Amino acid sequence: MRPFHYSRPPSMVEAVVEMRDVLAADPHASATFLAGGTTVLDLMKLEVMQPSRVIDLTALRQEFGYIRRDGASFQLGAFASMAEVAAHPDIIAHVPVIAQSLSLAASAQLRNMASLGGNVLQRTRCAYFRDPSWGACNKRVPGSGCAALEGANRAHAVLGTSAHCIATYPGDFAQALLALDATIVVVGPRGSRTLPFAALHRLPGTTPHLETHLHPGEIIAEFIVPAAPWARRSLYLKIRDRQSYEFAVASVAVALDIDGGTVREARIALGGVASVPWRAGEAEAALQGLPLSDESARTAAAAAFADATPHAHNAFKVALGQSTLVRALLQVASMEPAP
Amino acid sequence: MTKSLTPAPDAASDRTPQRYEGRAKVTGEAHYPSDVRLPRTAHAYLHVSRIGRGTIRSFDLAQARAVPGVIDILTHETLGEDIRQTPAMYQGGYISDSVRPLGSAEVAYWGQPLAMVVAETFEAAREASNRINVTYHPHPAPSADMGSEGAVTQALEPMNLAVGNFEVAYAAAPVRIDADYSTPTQHQNPIELFATQCVWEGDRLTVHEPSQYVNNVKFGLAEQLGIEPERIRVVSPYVGGAFGSKGFLTQRTALVAIAAKRLGRPVKLVATREQGFTVSGYRAETRHRVQLAATRDGRLVALRQEGWELTSRADSVAMGAASMTARLYACPNVSVRVNTVSADRSTPGFMRGPGEVPYGFALETALDELATALDMDPIELRRINDTRTEPIGGLPYTSRSLMRCFDEAAARFRWGERTKPPGSMREGDWRIGWGCATAFYPAYAGNASARVRLSADGRVHVSSAGHELGQGMYTMMAQVAAEQLGVPFEQVTVSLGDSDLPPAVVAGGSSSTASVAPAIMAACDAIRRRLGIEGASPSEIMPAMKASGRGVVEELAEVRAHGVDSIAGLYRGKAVPSGGVHLPDRVQFALGAQLVEVRVHARTHEIRVPRAVGAFAAGRIINPRTAHGQLVGGMIWGISSALHEHTEIDPRNGSYINANLADYLLPVNADIVDVEALMVEEEDPLVNRAGVKGVGEIGVVGVAAAISNAVFHATGQRLRDLPIRLEHLM
Ligand SMILES: Cc1cc2nc3c(=O)[nH]c(=O)nc-3n(C[C@H](O)[C@H](O)[C@H](O)COP(=O)(O)OP(=O)(O)OC[C@H]3O[C@@H](n4cnc5c(N)ncnc54)[C@H](O)[C@@H]3O)c2cc1C
Ligand code: SF4
């Protein structure tokens, strides 16, 4: 870890102003926000991140730690902890996929510390990204290459990758947000704006070091999660190498609007297999208007992975991703949602 | 009779003594070596290599030196000849490998210490270490794993064993199995990191370091530093897990000792989790070829196992447990061989069930394949080939209760309800498989001494330089002394883990109780003699003590273990266990049966282990509570070694890419459901005076095979390489 300057602004306004001033003085300043710190501190200890300035946002929990329901949607303050949201009875009943994606993530200790905002911005677990002694990592050092292409890439992505980066987006919650068409409210030097959650993450392309479409200095303040009645029929299925405290090898967030056995609308997002939270639009389209059966689920799953690009050690993810999706679809169809 | 060792529901009615140091541990009063606070401590941080082989061209230390608080940076250039080259323990020395600490510009493996920074704080030392720039001469990629081209295979002829004529018998037999198996690199990963604190007072050095053998550290370090062993004291009253990794002196200790000497201040080093992967030895990857042949009614007629074990270039280390798998079953024609494969890696070492786990996995999986080929229940196959004498030399087992273990485990497991065809058991989307394997571990003991002091008020103090690794050494020592002297357990206090105490054997080979209990018994005998009541029962001791009018009686006794030639090694830090298959007149093993259920999801192929039942016969069990912890913990580790643990190597630079506890998978609570250890009563008066065979390691052995066999039963897929992961079932 390297020495850094630390501050803890007391409010959103002051936090935004402080970061604005830091960036105004030096647009390339290595400044970072800190929420629960479970990603930031980890990467600072590994020296993957070497910020000269750390702006601690934990005081914003006062303002943005809420879990509110307003008509047909939930508003979740970005500084609510993963644990609080996962345990909230209304979330569990109305949008179970949200609660499950959070409670199946990380460990109890991490869920207590970590914030929703930090969660969606967590960084990849690619071993070559996390160890600076590897020279080649385009995400860490733009233009340096990608050690994972010819390396240990069992955990890497098969969807949304590029020749420059095949890292997996590791989180769980993001898939639930994506499937439910959540939006986020961000506050920055130029005021606040709302954007679809689907527009937050950026495909790696030729610039894998740029992971989101947030503008410099913007802070995520809130998640708005629509809660249509059919969102009660939703779930998160996570396949992993051990039963808890482990990232997904493949996961599915799914919500199903189903009418007498026929799919009116399916909403599907895939985790563990893609470079960003991945909406499986082709699979959704394939299911529309069909009865949900083993066969239609398989067809949808095949559609979701039609464009998959496997590497040496992760080819199994193509088949596993499909069977995970089939299993999730059959499971959600047979679900008896809370009244 | 079988005693279930799942924790007694009514603890109050359970009279087994509670863990002696339990309260101190849960209240934080137990000070582990890195908890000891010494005034004016300077903090050290290791800088380790990031290449897998090569030569250092130069160090750029300028930035590192500029970090505020940095005091000293040791490299091979600044260290000089302060640390001597000494033979590794495999060559009769002490240290766990023979690469001299900061000895030269040569880099032999990824993760090798190249420099040690000493600073006022840990943080400054770490930062400075990160600012060290090392340049290397151009180097070719290392040959870091078994498959790599530059790895060199060498047959270890002295480890070959044979009886009968394998080739002929194999060729003629009606049913044959011939298959290859492999097990991965694994690391012990005790929660307590590799820590060392050194403090000099004049010319006397005290080392606080978690150790499984304080006297090995003392004598080995003396040799490295070229000073008299009497000037060194090694203190290790609690060890936060070791599993073999803290068995022998490692390179770090001499570095810390030298740094403390140069500075004239105490120096503390706590290697990081990642560095722990190369600071000490580990379980090397292995390969095996097993050939079995049997008659149609299941009698083994030929058995051959050949093992290949990875080792470093510097040291030829092999666990060679083919000497055990060759002796487990009745078979007239046996041939086993062992090879090392040396590669650009750090020197491997011991990890719980070091040879038994990999060699047992191969043999016990092959036996299951044979049972399948014979269309025979796998427990029956083991029954048919059960034996009272080992086949190589015809020596008798001191006791052998293998089939009682299988019978009791099978009854508990309801094995009789198993349907034989693979894939025939299912519940919803989950395929169910039941598998079994034999567990074995040689009964070892080494030389040990103990001192026992009895006071007129009935208080007892017992001391011996044994080791508390969490296995229950304090409890066992107090219990044996209490029993022998007829006093309540609560009146006994214990000292251990200190090289100033009467020496004892390394806490390895599951031999601590078998070695130290007899020494305590001998010291208690001496107390009886002193009181003039030789041979008297425990209840006669306190009356005799009162009658004698003495305030205190204190006696020291040493015991030489069967099979150890002389007592001398005990006083030179070289008391290593003997027994098992190394005795002229007999073999001695603890044995057990491992039965597991696995469930494999029909669509997504995750593997779960909802149930495991082990039954073990290991001679006398002194404390069922701590034995239970050992056995259940071992079985859990077995599940782990089958499904989770795998140190992954990037062959491009020989690095371990998952050298942390997030990526090196161990089971979490959710993975472990119902694990039950049964104790099968067994009396073995021959094995040692205490009748103890040891339970430290046997719980792990055989579980991986039982799981792979159960996976076969669930899915029809035979998986011969560990760990087993869902992608192997797709
Ligand atoms: C061992 C381990 C296992 C894990 N397993 C899982 C798992 O199974 N599933 C899973 O989903 N996650 C897992 N995680 C990741 C964990 O959930 C994230 O680290 C955590 O959610 C991040 O939240 P935080 O508040 O601690 O973020 P921080 O570490 O504080 O911040 C993360 C990033 O977000 C930025 N940031 C934080 N808040 C905001 C904001 N409001 N606006 C703008 N930027 C912000 C920070 O600058 C930083 O770049 C695991 C982590 C560890 C260490
Ligand atoms: S996959 Fe991405 S994160 Fe990993 S090494 Fe390649 S560029 Fe870096």
Side-chain angles (χ1 to χ4, degrees), chain A residues 1-3 42 45-47 50 104 106-108 110 125-128 130-136 147-148 150-155 170 237-247 249-252 294 297-298 301 313-328 330-331, chain B residues 48-51 67-68 110-111 122-124 126-131 134 272-274 429 601-610 639-640 643-646 648-653 655-663 665-673 723-730:
Chain A
M1 196 179 291
R2 303 285 166 112
D42 186 19
K45 286 202 232 164
L46 297 170
E47 299 210 334
Q50 298 184 12
L104 294 174
S107 65
L110 286 159
R125 301 292 303 181
C126 172
Y128 307 106
R130 290 171 57 79
D131 179 353
S133 71
W134 284 92
E150 305 293 328
N153 51 34
R154 174 182 185 266
L237 177 63
K238 183 173 179 182
I239 307 300
R240 40 185 163 173
D241 289 326
R242 63 179 168 194
Q243 279 302 294
S244 180
Y245 195 12
E246 175 59 348
F247 294 92
V249 181
S251 72
V252 174
D294 197 274
R298 278 172 197 273
H313 307 120
N314 67 357
F316 75 98
K317 282 194 175 183
V318 179
L320 179 68
Q322 294 183 46
S323 29
T324 307
L325 178 50
V326 171
R327 185 175 158 191
L330 296 176
Q331 205 170 317
Chain B
V48 301
S49 70
R50 291 283 148 176
I51 62 167
V67 171
W110 180 91
F122 169 78
E123 289 75 14
R126 178 177 62 181
E127 186 193 344
S129 168
N130 288 340
R131 290 178 187 262
V134 188
T272 65
R273 175 63 59 190
E274 182 201 279
D429 281 339
H601 197 276
R603 288 186 193 276
T604 42
H605 315 289
E606 311 108 280
I607 305 158
R608 295 187 184 168
V609 184
I639 295 172
S640 182
L643 302 178
H644 299 104
E645 291 187 53
H646 176 197
E648 293 175 64
I649 298 159
D650 191 312
R652 293 173 294 182
N653 62 359
S655 65
Y656 292 145
I657 58 168
N658 62 340
N660 62 73
L661 286 187
D663 298 316
L665 294 190
L666 299 161
V668 293
N669 278 332
D671 293 292
I672 303 304
V673 187
I724 299 171
R725 285 178 166 169
L726 47 82
E727 64 261 38
H728 306 132
L729 290 163
M730 296 176 56

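All values reported here derive from a predicted model rather than from experimental measurement. Here is how names work: the chains are called A, B, and so on, in the same order as the sequence lines, proteins then strands, and each is numbered from 1.
Proximity to chain A (any heavy atom under 4.5 Å) is shown, for B/Ala662, by both the backbone and the side chain. The contact between A/Ala147 and chain B is made by backbone and side chain atoms together, counting heavy-atom distances below 4.5 Å. Using a 4.5 Å cut-off between heavy atoms, A/Leu330 touches chain B through its side chain atoms alone. Only the backbone of B/Leu661 comes within contact range of chain A, judged by heavy atoms closer than 4.5 Å. Only the side chain of B/Asp663 comes within less than 4.5 Å of a heavy atom of chain A; its backbone N, CA, C and O stay farther away. If you measure heavy-atom distances from A/Glu150 to chain B, the contacts under 4.5 Å come from both the backbone and the side chain. Neither the backbone nor the side chain of A/Asp42 comes within less than 4.5 Å of any heavy atom of chain B. Heavy atoms of B/Glu606 lying under 4.5 Å from chain A belong exclusively to its side chain. Using a 4.5 Å cut-off between heavy atoms, B/Arg603 touches chain A through backbone and side chain atoms alike. For chain A, the nearby part of B/Asp650 is the side chain; its heavy atoms alone come within less than 4.5 Å. With a 4.5 Å cut-off on non-hydrogen atoms, A/Asp241 touches chain B through its backbone and its side chain both.
Side chain of B/Arg725 to backbone of B/His728: no donor-acceptor contact under 3.5 angstrom is found. With hydrogens and angles disregarded, a donor-acceptor distance shorter than 3.5 Å links the side chain of A/Asn153 to the backbone of A/Ala148.
To the nearest 0.5 Å, the span separating CD on B/Glu645 from CG on B/Asn658 amounts to 10.5 Å. Taken to the nearest 0.5 Å, the CG atom of B/Asp671 stands 9.0 Å off from the OG atom of B/Ser640. Note that the CG atom of A/Asp131 and the CZ atom of B/Arg50 stand 5.0 Å from one another [nearest 0.5 Å]. Within the model, atoms CD1 of B/Ile657 and OH of A/Tyr128 stand 4.0 Å from one another, a figure rounded to the nearest 0.5 Å. In this structure, CD1 on B/Ile639 lies 12.5 Å from CG on B/Leu666, to the nearest 0.5 angstrom.
Looking only at heavy-atom pairs under 4.5 Å with chain A, the residue among B/Asn660, B/Asn653, B/Leu643, B/Asn669 that has the most is B/Asn653. Heavy-atom pairs under 4.5 Å with chain B peak, among A/Trp134, A/Tyr245, A/Phe247, at A/Trp134. Highest contact tally toward chain A, considering only B/Glu648, B/Arg131, B/Arg652, B/Glu123, is held by B/Arg652 [criterion: heavy-atom pairs under 4.5 Å]. Among the candidates B/His605, B/His644, B/Glu274, the residue making the largest number of heavy-atom pairs closer than 4.5 Å to chain A is B/His644. Interface summary for chain B: among A/Ala250, A/Gly151, A/Ala127, the most heavy-atom pairs under 4.5 angstrom belong to A/Gly151. The choice from A/Arg154, A/Lys45, A/Glu246 that makes the most heavy-atom pairs within less than 4.5 Å of chain B is A/Arg154.
Using a cutoff of 4.0 Å between basic side-chain nitrogens and carboxylate oxygens, A/Glu47 and A/Arg2 are scored as salt-bridged. Ion pair B/Asp429/A/Arg327 not flagged as a salt bridge, since none of the NZ, NE, NH1 or NH2 atoms sits closer than 4.0 Å to an Asp/Glu carboxylate oxygen.
A donor atom on one side chain and an acceptor atom on the other are not found under 3.5 Å apart for B/His601 and B/Arg608.
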Output, in order, the C-alpha distance, side-chain angles, deciding distance and verdict of side chain to side chain contact (heavy atoms under 4.5 Å, CB included) for B/Thr604 and B/Leu726. CA-CA 7 Å; B/Thr604 42; B/Leu726 47 82; over 6 Å; no
